[in-house]
Amino acid sequence: MAEPLRVALAGLGTVGAGVIRLVEANAALIERRAGRPIRITAVSARDRTRDRGVDISRYAWEDDMTVMSERGDVDLVVELVGGSDGPALSLARKTLGAGKGLVTANKAMIAHHGMELAALAEQNGAPLRFEASVAGGIPVIKGLREGVAANRVERIYGILNGTCNYILSTMEDTGRDFAEVLAEAQAKGYAEADPTFDIEGTDAAHKLSILSAIAFGSTIDFASVETSGISRILAADIAQADALGYVIRLIGMAEADDEGLFQRVQAHLVPFDNLLAHVDGPTNAVVVEGNFSGRLLFQGAGAGDGPTASAVVADIIDIARGMDTGFEADRAFSIPVAGLEAMAVADSGTRQSRAYIRFMVADGRACWPRSPPQCVMPGFRSKA
Ligand SMILES: NC(=O)c1ccc[n+]([C@@H]2O[C@H](COP(=O)([O-])OP(=O)(O)OC[C@H]3O[C@@H](n4cnc5c(N)ncnc54)[C@H](OP(=O)(O)O)[C@@H]3O)[C@@H](O)[C@H]2O)c1
């Protein structure tokens, strides 16, 4: 029997509790696939007494999650706390610095510090995995790192934020306005109490910048993602789009060409006959266009305890499988960090697309708005 992979779990919220449930429910199957048992040895969160619907009494408890990688009974740390900096980043640095593996679902941390963490992983022969950081349960990072590894990826785009997609498709189905649907999404748990990162496009931009790096072999460039959200879209825009043959979706799109890297998150008009027009509710979908693979569509649950835990545990299994050979040449971003290219940022002003512009004008006044248009949505371009 191979030695178990001993795992410390930082964060016992939606995803952390989901990981415990999954590791327990599928233990025998996971062991057969991983080639060794996966054993959770230590856990950490803020409140030790909180009922999480899972029994954590059999695991050692750490009040300070940043010390978990120092434990002798831990080979791998799973970070499910969140936040681009703070304790999550301290834990990640210490874990990789100690030559131990790190699995995280934290897109904000990877978008801001992914290059540093991947370099640290390489220097210390430690594996770094972050499948759950993009599109929840959809194995799109594996798809890019492995499935299309032989391709020059020309374009990648899709619906990367389930909260926005839920809001837009509910506005479409019910004719209700943004604020009302946002409140309902919060009540149902599809939107955070502070929804800013989701509805202003930041969350999708984090994910897009991670996908771009893997797809194009570039260093992560979150700062250059042109980002806007959906908070100024009105029910009237949805109705007008429908009359023109479109739905409105928040699309993240990245292209790499002679001009450089172009990354944008913006609400788009998507024609009814496009696959992405039929992605409703909190679902995510990512389209990858490779020069030999052609167009690939990855679609599924972009969030939730089960799907996200599925991606996290897949990463753990991946690491368990690699333990016998080691991680000296591990490539979290498909190409070693030194080989990733810092690409020029393509000028969005030179890119052509069709746009929808709404003007609010007062009756009886000249037909020119006194304030800028509230919402500009370039037409969705498709090579199909
Ligand atoms: N939820 C999803 O569907 C989803 C999908 C994809 C990726 N993610 C990512 O997964 C990560 C976790 O998300 P989540 O939804 O599970 O979050 P969550 O439900 O808010 O859980 C966060 C956990 O972290 C703990 N925590 C927070 N600050 C801490 C600190 N300073 N020290 C120790 N523990 C701390 C909390 O402890 P207490 O429980 O004691 O308060 C809680 O257990 C985030 O990076 C998120 O972006 C989530």
Side-chain angles (χ1 to χ4, degrees), residues 8-22 40 42-54 56 59-69 77-92 94-95 102-114 117 129-141 159-166 185-186 188-198 202-211 222 281-284 286 300-316:
L9 207 52
L12 298 170
T14 305
V15 186
V19 166
I20 292 179
R21 273 192 290 277
L22 173 50
I40 297 169
V43 296
S44 178
R46 272 179 305 215
D47 180 358
R48 189 173 186 171
T49 61
R50 190 176 142 195
D51 179 9
R52 301 166 190 282
V54 289
I56 55 167
Y59 312 128
W61 175 272
E62 288 287 358
D63 282 325
D64 177 3
M65 67 183 224
T66 65
V67 304
M68 293 181 104
S69 57
V77 171
V78 178
E79 183 278 307
L80 300 171
V81 171
S84 60
D85 296 81
L89 182 60
S90 304
L91 176 63
K94 281 173 85 169
T95 301
L102 179 77
V103 171
T104 179
N106 189 338
K107 50 249 170 181
M109 181 175 75
I110 296 295
H112 287 279
H113 304 288
L117 295 176
R129 294 286 182 277
F130 42 86
E131 180 65 66
S133 68
V134 179
I138 309 172
V140 64
I141 290 181
I159 294 168
L160 297 170
N161 184 274
T163 303
C164 288
N165 212 57
Y166 172 84
Q186 287 171 312
K188 286 186 172 178
Y190 291 144
E192 304 277 342
D194 178 359
T196 315
F197 264 32
D198 288 324
T202 310
D203 175 79
H206 284 149
K207 295 167 179 170
L208 185 68
S209 68
I210 296 169
L211 291 180
F222 168 69
T283 306
N284 282 192
V286 183
D305 58 339
T308 312
S310 161
V312 168
V313 179
D315 278 348
I316 298 175

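Remember, it's 1-based here, ligands and their atoms both numbered in the order they're listed.
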Give the atoms of ligand 1, by number and element, whose distance to some non-hydrogen atom of Val81 is under 4.0 Å. 22 (C), 24 (O), 26 (N), 27 (C), 28 (N), 29 (C), 35 (C)
With a cut-off of 4.0 Å, which atoms of ligand 1 are near a heavy atom of Val15? 1 (N), 2 (C), 4 (C), 10 (O), 13 (O), 14 (P), 16 (O), 48 (C)
If we set the cut-off at 4.0 Å for heavy atoms, which region of Arg52 has an atom near ligand 1: side chain, backbone, both, or neither? side chain
Quick check for you: to the nearest 0.5 Å, what is the distance between Ile141 atom CD1 and Ile210 atom CD1? 6.0 Å
Purely on distance, is any nitrogen or oxygen of Gly83 under 3.5 Å from one on ligand 1? no
Heavy atom under 4.0 Å from ligand 1: found in Thr308's side chain, backbone, both, or neither? side chain
Is atom 47 (O) of ligand 1 close to the protein, meaning a heavy atom under 4.0 Å from it? yes
Contact atoms of ligand 1, heavy-atom distance to Ala303 under 4.0 Å: 3 (O)
Taking atom 42 (C) of ligand 1 as the reference point, the nearest protein heavy atom with its distance: Gly13 N, 3.7 Å
Numbered in order shown, the ligand 1 atoms found under 4.0 Å of a heavy atom of Pro87 are 31 (N)
Using a plain distance cutoff, I'd like to know if Thr14 has any nitrogen or oxygen under 3.5 Å from a nitrogen or oxygen of ligand 1. yes
Can you list the ligand 1 atoms lying under 4.0 Å from a non-hydrogen atom of Lys107? 6 (C), 7 (C), 8 (N), 47 (O)
Mutual orientation of the aromatic rings belonging to His112 and His206 [parallel < 30°, tilted 30-60°, perpendicular > 60°]: perpendicular
Answer with side chain, backbone, both or neither: which part of Met65 has a heavy atom less than 4.0 angstrom from an atom of ligand 1? side chain
Nearest non-hydrogen protein atom, atom 45 (O) of ligand 1: Gly82 CA, 3.2 Å
Does an N or O anywhere in Asp47 fall below 3.5 Å from an N or O of ligand 1? yes
Which of the numbered atoms in ligand 1 are below 4.0 angstrom from a heavy atom of Ala132? 6 (C), 7 (C)
Please indicate, with yes or no, if any protein heavy atom is found under 4.0 Å from atom 17 (O) of ligand 1? no
By number and element, which atoms of ligand 1 are closer than 4.0 Å to a non-hydrogen atom of Leu12? 23 (C), 42 (C), 43 (O)
